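My structure is below; once you've seen it, I'll send some questions.
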Amino acid sequence: MPKDPLNGELCGPRHVAIIMDGNGRWAQARGRPRLFGHHAGARRVREVVEACPGLGIKYLTIFAFSTENWKRTQVEVAGLMSLFKRYIIKETRTFAENGVRVRFIGDRVRLDAKLIELMDQLERETADNDLVHLTVALNYGGRDEVARATKRLAKDVAEGKLRPEDVDEETLPKYLDTRVLPDPDLVIRTSGEARISNFLLWQSAYSEYEFIDTLWPDFTASELERLCKSYGSRERRFGAVPT
Ligand code: FPP
């Protein structure tokens, strides 16, 4: 991992966001149903979370289910929902004991009550952890998030808590689901598609992007390390000229 030449500290990405794509194709290539690929994908999450501290990644945000994913077959949607429940039950202890703080972003309205209860419980049980902040985007869409944030902001204006003339670039992020998180430094999408598919639209305005061919169930900690190294060797200018 590259070090900052001035202070010798790691200068890889502090916040990595991942669009975990390619589970379906991975399963199809093996002649198996799509859910087989999702299960294999879920197993990869742990390896990636465990690699974060060593790579200097403090925040990891993963796209587990989008607002558009409801359009998949009923079998696949139900299978994914039950996978999320089982995953939370299985991993809660590991996250709690290993310093991982878990948060969920997205709209909970369409999720079933049992899943919401498990999500709340996982958030509560890991609330004091600070080694890695894992954020799982579930029923998440960037446009939906901005619309929900705007609704809350408009309500504050209507109630006289916020003046319209005070609304600026700093205001909206305070209403987003990600309000306690820094913006992502690096967004990775697996499986060869070069799209951001409604993920962290506002937050990734200045992020670096890596679109890689690996299908998510084949993604490894060493591939993450390679991407972090290549991030550290690039210069981010945020629209400014080089000095
Ligand atoms: C995209 O692959 C993946 C998803 C829609 C689901 C992501 C879920 C997981 C990786 C598993 C569970 C995660 C957690 C946090 C337990 P795709 O189905 O679109 O693949 P394809 O493009 O090859 O069809």
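Atoms within each ligand, like the ligands themselves, are counted from 1 in listed order. Treat the numbers as computed from the prediction; the structure is a model and nothing was measured. Worth knowing before you read on, the calculation uses all heavy atoms, side chains too, and leaves out hydrogens, waters and symmetry mates.
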For R32, the salt bridge (Lys or Arg N to Asp or Glu O under 4.0 Å) test, sequence neighbours excluded, returns none
All N/O donor-acceptor pairs, side-chain side in residues 40-56, below 3.5 Å, sequence neighbours left out:
from	atom 1	to	atom 2	distance (Å)
R44	NE	P217	O	2.8
R44	NE	F219	O	3.3
R44	NH1	E47	OE1	2.5
R46	NE	E91	OE1	3.2
R46	NH2	E91	OE1	3.3
R46	NH2	E91	OE2	3.2
E47	OE2	A221	N	2.8

CG (D144) and CZ (R148) are apart, to the nearest 0.5 Å, by 4.5 Å
Any side-chain donor-acceptor pair under 3.5 Å between N23 and H38? yes
Donor + acceptor pair across side chains of S230, E210 (<3.5 Å):
yes
By salt bridge (Lys or Arg N to Asp or Glu O under 4.0 Å), R72 pairs with (sequence neighbours left out) E76
Would you mind listing each N/O atom of ligand 1 next to any protein N/O under 3.5 Å, plus the distance?
from	atom 1	to	atom 2	distance (Å)
ligand 1	2 (O)	D21	OD1	3.4
ligand 1	2 (O)	G22	N	3.3
ligand 1	2 (O)	N23	N	3.4
ligand 1	18 (O)	R34	NH2	2.8
ligand 1	18 (O)	R72	NH1	2.8
ligand 1	19 (O)	D21	OD1	3.1
ligand 1	19 (O)	R72	NH2	2.8
ligand 1	20 (O)	G22	N	3.3
ligand 1	20 (O)	N23	N	3.2
ligand 1	20 (O)	G24	N	3.0
ligand 1	22 (O)	D21	OD1	3.0
ligand 1	22 (O)	R25	NE	3.4
ligand 1	22 (O)	R25	NH2	2.8
ligand 1	23 (O)	G24	N	3.4
ligand 1	23 (O)	R25	N	2.7
ligand 1	23 (O)	R25	NE	2.8
ligand 1	24 (O)	R34	NH1	3.0
ligand 1	24 (O)	R34	NH2	3.0

